[in-house]
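Single-structure report; data block below.
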Amino acid sequence: MLQVIFGGMGAIALLVAAIGIANTMAIAVLERTREIGVTKALGATNRDVLSVFLGEAAGIGSVGGIGGVVLDWVAGQLINVIALAFLAGQAPRSSASCRGCPALRAATLNPMQALKYE
């Protein structure tokens, strides 16, 4: 079930990213109409212009994807360090201060006594 939920969230994120890249490229075409005309006047084919714009779109997507992975990894490491520091602060300082803790009693319980219990 979690895989379906996370997969759906990933699909939505991918769709939003694709729409953003398409919007950026559409604006780039509108802003660079003169440049495209000059390039075609110098002998570029439609395929050449298409490959330039598709290359730019691939570059934007790749940089965004790699940047997202790096930022997520850094955030994960930071959360891990913070969580470990918090949990280390929650642990008892010594076993003497926690003689009555059920976890300590369970850890030091003799297996034979446990089997004879009841």
Side-chain angles (χ1 to χ4, degrees):
M1 188 64 176
L2 283 175
Q3 247 181 341
V4 171
I5 291 171
F6 288 137
M9 288 172 49
I12 291 170
L14 187 62
L15 179 66
V16 169
I19 290 171
I21 291 172
N23 183 35
T24 301
M25 298 316 297
I27 297 301
V29 169
L30 292 175
E31 289 178 348
R32 294 167 48 184
T33 304
R34 177 171 281 154
E35 180 185 333
I36 294 169
V38 170
T39 306
K40 288 184 103 180
L42 292 174
T45 63
N46 288 342
R47 187 179 189 107
D48 295 333
V49 174
L50 180 65
S51 64
V52 167
F53 280 94
L54 287 179
E56 287 180 12
I60 291 171
S62 297
V63 169
I66 292 170
V69 167
V70 168
L71 284 175
D72 286 343
W73 183 81
V74 168
Q77 294 300 316
L78 184 64
I79 289 170
N80 193 23
V81 167
I82 291 170
L84 286 176
F86 175 76
L87 291 175
Q90 298 296 315
R93 299 285 182 241
S94 68
S95 61
S97 66
C98 189
R99 290 243 183 250
C101 292
L104 182 60
R105 270 196 351 224
T108 59
L109 188 63
N110 185 345
M112 292 305 290
Q113 289 176 339
L115 291 173
K116 290 180 182 178
Y117 189 75
E118 285 192 35

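Note that the coordinates shown come from a computational prediction; the quantities given were computed from them, not determined experimentally. Just so it is clear, the values below take in all heavy atoms, side chains as well, and ignore hydrogens, waters and symmetry mates.
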So, using side-chain contact (heavy atoms from CB on, under 4.5 Å) as the criterion, who are the partners of Ser51 when residues are at least two apart? none
Sort and list the pairs that fulfil side chain to side chain donor-acceptor pair (under 3.5 Å) and have at least one residue in residues 55-81, not counting sequence neighbours. Arg32-Glu56
Applying salt bridge (Lys or Arg N to Asp or Glu O under 4.0 Å) as the test, list every pair that has at least one member in residues 11-25; sequence neighbours left out. none
Looking at residues at least two apart in the chain, or sitting in another chain, which of them share a side-chain contact (heavy atoms from CB on, under 4.5 Å) with Thr45? Arg47, Asp48
What's in the same ILVMFWY side-chain cluster as Leu2, cut-off under 4.5 Å, chained through other members? Met1, Ile5, Phe6, Met9
So CD1 of Ile27 and OG1 of Thr24: to nearest 0.5 Å the spacing works out to 8.0 Å
Quick one: hydrophobic cluster around Leu50, which other residues, with the 4.5 Å side-chain cut-off, linked directly or via members? Leu54
Apart from Leu71 itself, members of its ILVMFWY cluster (side-chain separation under 4.5 Å) are none
If you link ILVMFWY side chains whenever their heavy atoms are less than 4.5 Å apart, which other residues fall into the same cluster as Ile60? By chain and number, please. Ile21, Met25, Val29, Ile36, Val49, Phe53
